[in-house]
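Numbers restart at 1 for each chain; the letters A, B, ... are given by sequence-line order, proteins then strands. The analysis underlying the following values was restricted to heavy atoms, covering all of them including side chains, and did not include hydrogens, waters or symmetry mates.
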There are 2 protein chains.
Amino acid sequence: MNFPSKLIEDAVNEVSKLPGIGKKTALRLVLHLLKQDEKNTRTLASSLLDLRTKITYCKECHNISDHEQCNICASHKRDRSLLCIVEDTPDVLAIENTSQYQGLYHVLGGVISPIEGIGPSELRIDSLVKRIPESGIKEVILALSPTMEGDTTAFYITKKLKEYNIKVSTIARGIPIGGELEYTDEITLGRSILSRTNYEV
Amino acid sequence: MNFPSKLIEDAVNEVSKLPGIGKKTALRLVLHLLKQDEKNTRTLASSLLDLRTKITYCKECHNISDHEQCNICASHKRDRSLLCIVEDTPDVLAIENTSQYQGLYHVLGGVISPIEGIGPSELRIDSLVKRIPESGIKEVILALSPTMEGDTTAFYITKKLKEYNIKVSTIARGIPIGGELEYTDEITLGRSILSRTNYEV
């Protein structure tokens with residue numbers, strides 16, 4: 001693309017570094033900002049900078065937080081005997097949106113991935129193990145993606161938690177609600193038969 | 001959505017003001033920035049601010065430019081007898097990408113739209129009329145969108161240019177290359193018959 005201005009080119013290059021945004025979309029966004037009030041661009045830029053420089057993480061669950069302790073960890077309404085292990089913040093948001101879980105969280109910050117050079121020490125697994133004694137946690141729910149990396153992480157954590165005599169469970173794998181049986185892949189279908197649940201009417 | 005942090009919420013709100021970006025996409029972009037180096041966010045923010053504060057417009061064609069005169073207006077390779085009238089910068093980029101046009105441009109900065117309160121005086125029509133005498137321009141090509149507003153603007157400009165005895169043309173309307181005749185709307189099809197061209201082999 002031939003840009004009429006170096007400033008436009010720079011802005012388009014920076015915006016198109018964001019995931020899922022190509023040069024054409026970036027140009028559209030940049031020209032949109034140019035048409036808007038200068039104030040809007042200032043607010044956008046400063047909110048991004050504030051986010052990056054001022055953000056803190058909860059010292060207990062490691063989720064993004066405005067305070068030392070996040071709202072979930074600080075809440076008296078949460079069930080403190082349940083701890084859900086997730087990969088990252090979007091997973092916490094996704095589970096919170098279901099309104100089906102009232103326990104606490106622990107954000108690992110990733111999953112074990114030898115290919116990307118992420119070992120257990122890069123994740124918050126040590127702080128998880130430290131958190132268990134004297135916490136009153138009775139059950140740990142593993143809510144990790146059903147990938148090779150997720151499974152490896154789940155296996156590693158389960159082994160680490162063995163000595164604490166707490167229940168370790170994993171979220172159910174099966175056919176999604178609304179999913180058609182004949183179009184489900186055989187691994188999911190096979191697993192859904194193995195982990196069948198009682199049908200209660 | 002329940003955000004774990006006010007900083008995230010602010011950033012998501014600002015990013016989702018951009019066209020075509022909803023709250024979910026905004027959250028994904030914002031969390032991506034959080035995972036990246038702080039430097040990346042700084043560069044992004046400052047390129048947007050620079051764009052908004054430092055940008056200038058060519059004093060001849062009013063296109064976005066880094067200098068008083070844009071590269072196209074300054075180029076000695078362009079045909080100075082042709083002037084293409086467009087609504088805005090993206091149109092210039094689109095026409096430049098075709099490599100089929102070697103003349104100059106004039107960017108109106110919009111089209112006449114009584115509903116949005118944009119009259120001829122809000123556009124760069126006066127500067128267009130001033131530009132015509134002693135410029136050597138022999139033909140003005142109207143490259144405006146085939147909408148009610150585009151047609152009104154084309155009509156207004158044509159009337160304004162009448163006294164200067166120059167040719168005024170408009171880009172061809174017809175069936176797009178690769179378009180199927182039977183699926184073309186009847187107005188386009190009708191117009192393509194009326195403005196048929198000689199078939200030369």
> Is there a side-chain contact (heavy atoms from CB on, under 4.5 Å) between B:Tyr57 and B:Ile64 once you walk through the steps?
Replying inline: CA-CA 5 Å; B:Tyr57 295 87; B:Ile64 290 164; 3.5 Å; yes

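Using a cut-off of 4.0 Å between Lys/Arg side-chain N and Asp/Glu carboxylate O, A:Lys130 and A:Asp126 are scored as not salt-bridged.
Within the 3.5 Å criterion, the main-chain N or O of B:Arg131 finds a donor-acceptor partner in the side chain of B:Ser135.
Contact tally against chain A (heavy-atom pairs below 4.5 Å) for B:Val92, B:Asp10, B:Leu93, B:Asn71: the top residue is B:Leu93.
For the atom pair CD1 (B:Ile112) and OG1 (B:Thr152), the distance works out to 6.5 Å, reported to the nearest 0.5 Å.
Across all non-hydrogen atoms, the minimal contact from B:Glu87 to B:Ser145 is OE1-OG, 4.1 Å.
The only member of B:Leu144, B:Ile95, B:Asn63 that meets side-chain contact (heavy atoms from CB on, under 4.5 Å) when paired with B:Val86 is B:Ile95.
Residues of residues 17-51 of chain B that come within less than 4.5 angstrom of chain A, heavy atom to heavy atom, are B:Lys17, B:Leu18, B:Pro19, B:Ile21, B:Leu27, B:Arg28, B:Leu29, B:Val30, B:Leu31, B:His32, B:Leu33, B:Leu34, B:Lys35, B:Gln36, B:Asp37, B:Glu38, B:Asn40, B:Thr41, B:Arg42, B:Thr43, B:Leu44, B:Ala45, B:Ser47, B:Leu48, B:Leu49, B:Asp50, B:Leu51 in numerical order.
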